[in-house]
Every structure is written in structure tokens, then in C-alpha cells.
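Order of the sequence lines sets the chain letters (A, B, ...), proteins ahead of strands, with each chain counted from 1.
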Amino acid sequence: EAEVAQSPRYKITEKSQAVAFWCDPISGHATLYWYRQILGQGPELLVQFQDESVVDDSQLPKDRFSAERLKGVDSTLKIQPAELGDSAMYLCASSLTANQPQHFGDGTRLSIL
Amino acid sequence: QQPVQSPQAVILREGEDAVINCSSSKALYSVHWYRQKHGEAPVFLMILLKGGEQKGHEKISASFNEKKQQSSLYLTASQLSYSGTYFCGTTSYDKVIFGPGTSLSVIP
């Protein structure tokens with residue numbers, strides 16, 4: 001079982017609705033990542049945190065996606081409004097610091113109807 | 001820029017060997033390797049830092065040629081448990097960019 005906790009495991013919602021995902025990394029891990037993975041493809045980095053600071057969000061669609069890690073521990077990724085193309089697996093990972101082994105959570109499977 | 005992986009897919013019989021290649025058009029600081037089984041999260045295998053080092057764990061090893069900006073993953077005497085999709089992740093600074101993956105199927 002993965003040590004990085006994510007919830008929910010599955011989410012089905014209609015387009016234009018708001019969606020939120022939660023991630024609790026391994027204790028002591030300073031770096032936290034949010035990835036989007038489309039079936040048959042590699043994980044695509046959406047946002048990377050070092051403690052509470054965003055160090056990379058170049059691929060995050062900022063008109064609809066937001067992410068925060070207020071106290072440098074757990075993190076929330078939000079989509080508002082959701083679009084059909086957002087259907088994917090959303091993975092959270094953490095590592096002691098950048099460029100160290102990443103530990104992935106089980107992910108949230110999002111389906112937009 | 002996303003690294004390129006080859007082959008896209010490979011089918012092996014138990015006991016056979018395989019090589020998965022990963023290349024980048026950018027200068028690399030390190031290469032990560034992960035394996036993802038169907039319906040599960042990716043699992044870390046190893047990291048190679050620039051310096052041309054080779055790492056290994058039991059029957060899975062890897063090399064990194066920083067001059068050619070390439071890494072290869074070697075699976076020796078494959079087992080059924082090796083089945084899954086293998087991703088390389090390349091870093092030029094602190095950001096890991098994952099390749100499209102290589103699907104490996106080991107059959108009895």
C-alpha cells in the first residue's frame with residue numbers, strides 16, 4: 001500500500017462543476033508533486049512544491065486549476081470549472097527533496113461527464 | 001522536452017533478457033526509472049546521476065551516458081513480476097520529465 005495518501009480514489013462529476021483532490025505526503029518530505037496521467041502516457045507534472053512554495057507550475061492550466069500547500073505538509077489541487085478533457089488519473093508524489101526518489105500515492109481517477 | 005523511450009512495447013518469455021532505452025535532446029543531470037503495474041501507482045526503481053555510473057538491483061540494472069544523453073535499463077532473466085510499464089524520468093535541474101513509457105509483458 002502506498003505511503004502517500006490521496007483522496008478520493010475515484011471522482012465522477014459533470015463538466016462545469018468544481019473538483020478537489022487532497023494529498024498527504026510522507027512525513028518529512030519537503031517536495032510534493034501533482035501529476036496528471038492519461039491512459040497509455042507518462043505522468044505529466046502539473047505543479048511542484050518545495051515546502052509551501054511553488055517551484056514549477058509551468059504546465060498547470062491556471063485559468064481553471066489551482067494548487068496549494070499552505071503549511072508545507074498536505075496539499076489540495078482544485079479544478080473549477082471541470083472540462084471533459086480533464087478526465088485522467090491525478091497522481092500525487094513526494095520526495096525528501098528535489099531529484100530524490102519519488103513515492104507516489106494511489107491516485108484519483110477523475111471522470112467528467 | 002519529453003525524453004524518448006524505445007521500444008514502445010516488448011513481450012518476453014520468462015528467463016529472457018530485455019533492454020529499454022531512454023534518450024533526451026537536452027543535457028541531463030540525472031535519470032530516474034520507475035515501473036507501473038496496471039491500475040497501480042508508479043514505483044521507484046533507481047536514480048542515476050551524471051558521471052556514467054551503472055546501478056543495479058538483483059537482476060535489474062541501468063547505465064547512464066551523459067555525453068550521449070542516454071540511459072538504458074537492463075532486465076536479466078525476466079520474471080513474471082517484471083511485467084508493467086517502465087518510465088524513465090530525466091532531469092536537467094530539479095524537475096523530472098517522464099517519458100511515454102515502455103510496456104513490458106513477461107509470459108510463461
Side-chain angles (χ1 to χ4, degrees), chain A residues 1-10 21 23-26 29-51 53-60 88-111, chain B residues 1-9 20-24 27-51 53 55 57 60 62 64 66 71 73 84-105:
Chain A
E1 190 178 2
E3 300 166 313
V4 173
Q6 284 190 250
S7 66
R9 286 294 307 276
Y10 304 93
F21 313 124
C23 174
D24 191 13
I26 293 173
H29 279 196
T31 311
L32 185 147
Y33 315 80
W34 282 104
Y35 292 95
R36 176 170 58 191
Q37 187 176 28
I38 295 169
L39 195 63
Q41 299 182 19
E44 175 195 15
L45 181 68
L46 293 175
V47 61
Q48 179 173 332
F49 290 93
Q50 183 67 25
D51 299 311
S53 301
V54 173
V55 295
D56 192 298
D57 63 356
S58 56
Q59 300 304 308
L60 189 71
M89 174 71 82
Y90 289 82
L91 293 164
C92 177
S94 70
S95 60
L96 276 171
T97 188
N99 207 25
Q100 292 294 309
Q102 295 185 23
H103 301 260
F104 284 82
D106 289 330
T108 297
R109 171 73 66 187
L110 176 66
S111 297
Chain B
Q1 185 133 6
Q2 187 181 45
V4 176
Q5 287 187 237
S6 64
Q8 280 189 307
I20 299 172
N21 300 301
C22 174
S23 63
S24 174
L28 301 177
Y29 175 75
S30 67
V31 178
H32 298 217
W33 286 97
Y34 292 79
R35 177 172 62 207
Q36 185 176 31
K37 293 184 179 287
H38 183 70
E40 298 181 10
V43 174
F44 169 77
L45 294 175
M46 62 189 76
I47 288 179
L48 299 102
L49 303 177
K50 66 178 181 179
E53 68 174 297
K55 279 193 156 184
H57 177 66
I60 299 177
F64 176 27
E66 63 188 87
S71 177
L73 187 71
T85 301
Y86 289 78
F87 294 101
C88 69
T90 54
T91 66
S92 299
Y93 185 54
D94 279 344
K95 173 180 170 180
V96 178
I97 301 176
F98 285 95
T102 294
S103 174
L104 181 79
S105 299

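- Ranked by non-hydrogen atom pairs under 4.5 Å with chain A, the options Ser103(B), Pro42(B), Pro100(B), Gly39(B) are led by Pro42(B).
- Of the two parts of Tyr33(A), neither the backbone nor the side chain holds a non-hydrogen atom closer than 4.5 Å to a non-hydrogen atom of chain B.
- Considering every non-hydrogen atom in both Gly105(A) and Ala41(B), the closest pair reads O-CB, 3.0 Å.
- For a residue to count as touching a neighbouring chain, one of its non-hydrogen atoms must lie under 4.5 Å from one of that chain's; by this rule Ser95(A) does not touch chain B.
- What you find for Pro101(A) and Phe44(B) is that their closest heavy atoms are CG-CZ, 3.5 Å.
- To the nearest 0.5 angstrom, Tyr35(A) atom OH is 4.5 Å from Phe98(B) atom CZ.
- Of the residues considered (Met89(A), Gln100(A), His103(A)), Gln100(A) shows the highest number of contacts with chain B, using heavy-atom pairs under 4.5 Å.
- Contacts of Gln37(A) with chain B are made by side-chain atoms alone, with heavy-atom separations under 4.5 Å and no backbone atom involved.
- Looking at Gln41(A), only its backbone comes within 4.5 Å of chain B, counting heavy atoms on both sides.
- The side chain to side chain contact (heavy atoms under 4.5 Å, CB included) with Lys95(B) is formed by just one residue from the set Asn99(A), Val55(A), Asp56(A); it is Asp56(A).
- The greatest number of non-hydrogen atom pairs below 4.5 Å with chain B, out of Ala93(A), Pro43(A), Gly40(A), is found for Pro43(A).
- If you measure heavy-atom distances from Gln36(B) to chain A, the contacts under 4.5 Å come from the side chain alone.
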